[in-house]
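One structure is given below, encoded as C-alpha cells.
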Amino acid sequence: MASNLDHLRIDPDRMLAAFNELSQIGATGDGGVDRPTFSEAHLAARKWFRDQIEKTGLEFHTDGAGNHSASLPCGPKASPTLLLGSHLDSVPKGGRFDGALGVMAAFEVLRTVKDAGLKLKVNLEAIDFTDEEGTLVGLLGSGALTGRIDRDLLLSPRGGRQSLEEGLRRAVLSDDSVLAAARQKNTLAGYLELHIEQGKRLERTGINIGIVSAIVGISSYRLTFTGRADHAGTTTMQDRLDASQGASAFILSAREIVIKEFPDCVVNIGKMELIPGAFNIIPARAELWLEFRGPNEKEFTRLDTALIECARNEARRFGLELKTDFLGKHSPTPMSAGPQKAFMDACDTLRLTHTPLVSGAGHDGQSFADICPVGMIFVPSVEGASHAPREFTEWEDCVNGANVLLQAALRFP
Ligand code: GLV
Ligand code: MN
Ligand code: MN
C-alpha cells in the first residue's frame, strides 16, 4: 500500500560530501584507505564521525567496545532500537567503500528522518562497529554488543594478544569494558546494513540491489609447522626437516581439496612466515594464517576436519610437527525473513531491481543471528573489486542503496 513516506528520499549530495570527507582519513593516494582497527587513521575517522554526529544535533553514544553511534529517539518512549550501520575500520590498504558506505548511509537515513520530523514505531541508531575486519578479533564491536565475546577469545585473538592490548589501550578501552558492552536483547528491534557487494554478480546481471539471504561461515587458525634449522648448503635434500616444504604442500593440497570436494567453499592462506628467515638457513618453522569459508554449517564443519587432517598429513610427510591454534569461528548465518521482505518492498517502491544473494564476505549482521531480526543489502561493485584500493561503486548505486535502507527502516518492523 502506498504511503506518503514512500516519497521520502535521502539527500545524495549531503551523503556524498560526508563520504568524501571520510575517504580522506587514512587515504593512501590511490583511491583506497588504510584504517586498520585502532590505527591513528581509524581513531581519526572515529573522532570525525563523532564530530559529525554532534554537529547535526543527533545524540552521540559510545560503549565499552568502542562502537560509535548516532541515536534518534523517534519511536515511542522505551521502544526498542533499530540499528543501521557498518564499520569505519578497513583492511590494510583497503578500499574506501567497504564499511564506510554503510555507516554514511545509516547516518544519512537518520538525518533524513530527523529533518522530516517523523515518528516511527522504533528508535533509530546509526552505528560504526569496532573491528569488523578482524585486524584484532573480528566482529569485535557487534559481538560485544550482542554478548558473543568471551574472555577466552580476547586472550587469544586472531590478530595476536599484544596487538589487541595495544589497540585497546590506544582507544582507552579494556577487556573488561569490551565484556561490559552487551545490550539487553529486548532493547534491539533489529539490525539492517547496506554494503557493497564485493563480487561481480550484480554488475554482471545489471541488477540494482542484492538482498542478502545468508552470510558465509568463517573460521581461522594459526598453523605452525616445525622442523629443524640447518645449514642450507651442506644439508642434503633428503636430510632436511624443512618447515616451508610441509607448509607449501599444505597450501597446494588445501586448494585441491576445496576445488574438488567443497565447490561452495573457499580457503585462503593470507600470511606465511618462515623462521628464522635467511637465505642460508633451512626454515625451522613456518607459521600460516589459515581462513576458510562456507555457506552451510554441515559442509563448513566437514571442511574444517578435511583441512586440519590435510595439514597433519603434509606435516608427517615432511617429518614435521604441526601445532594448530584455533582463532575463532563465525557460523554461516541466514538473514531474517522480515528484513528481506522489507528490503524487497522498498526496492519495489523505488522501482529498483533486486535478487537474493549469499554473502561470501563476513559482516556484523552475523553477530545478530538469534538476537533480533537482521538483514543486509548489497549494491554493485565495479569489477567486483574489494579489499583493495581499486574498490569502487557508482555513486548512483550508493544512493539507491541508501534509499532502500531508508525505505526499509520506515517499514520496520
Ligand atoms: C570482511 O570483510 C571479511 O569478509 O573478511
Ligand atoms: Mn565490510
Ligand atoms: Mn571488508
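For this chain, numbers begin at 1 and follow the sequence in order. These numbers come from the heavy atoms of this one structure, side chains and all, not from hydrogens, waters or symmetry mates. All of these numbers come straight from a predicted model, not from anything done at the bench. Counting starts at 1 for both ligands and their atoms, following the listed order.
Heavy-atom contacts of Ala361 reach the following atoms of ligand 1: 4 (O) (cutoff under 4.0 Å).
If you look at Glu133 and ask which of its N, O or S atoms sits nearest the Mn ion (ligand 3), the answer is OE2. Shortest distance from the Mn ion (ligand 2) to Asp98 is reached at OD1 (N/O/S atoms only). Within His87, NE2 is the N, O or S atom that lies nearest to the Mn ion (ligand 2). Nearest N/O/S atom of His195 relative to the Mn ion (ligand 2): this is NE2.
Using a 4.0 Å heavy-atom cutoff, Glu291 is absent from the residues neighbouring ligand 1.
At least one N/O/S atom of His387, from backbone or side chain, sits under 2.8 Å from the Mn ion (ligand 3).
Atom 3 (C) of ligand 1 has Arg293 NH2, 3.3 Å as its closest protein atom, hydrogens excluded (heavy atom only). Closest protein heavy atom to atom 1 (C) of ligand 1: Glu133 OE1, 3.1 Å.
Counting only heavy atoms from C-beta outward, the side chains of Leu72 and Val113 approach each other to under 4.5 Å. Counting heavy atoms from C-beta on, the side chains of Phe250 and Leu322 never come closer than 4.5 Å.
Of the candidates Leu120, Val122, Leu188, Asn123, Leu82 forms a side chain to side chain contact (heavy atoms under 4.5 Å, CB included) with just one, namely Val122.
Contact between Leu168 and Ser174 at its shortest, heavy atoms only, is CD1-C, 4.0 Å. Across Ser381 and Gln198, no two heavy atoms sit closer than the pair OG-N, 2.8 Å.
Where the criterion is an N or O separation shorter than 3.5 Å, residue side chain and backbone included, Gly362 meets it with respect to ligand 1.
Taking the six-membered ring wherever Trp is involved, the centroid distance between the rings of Phe49 and Phe60 does not fall below 6.0 Å.
For the residue pair Ser244/Asp242, the side-chain donor-acceptor check at 3.5 Å is satisfied.
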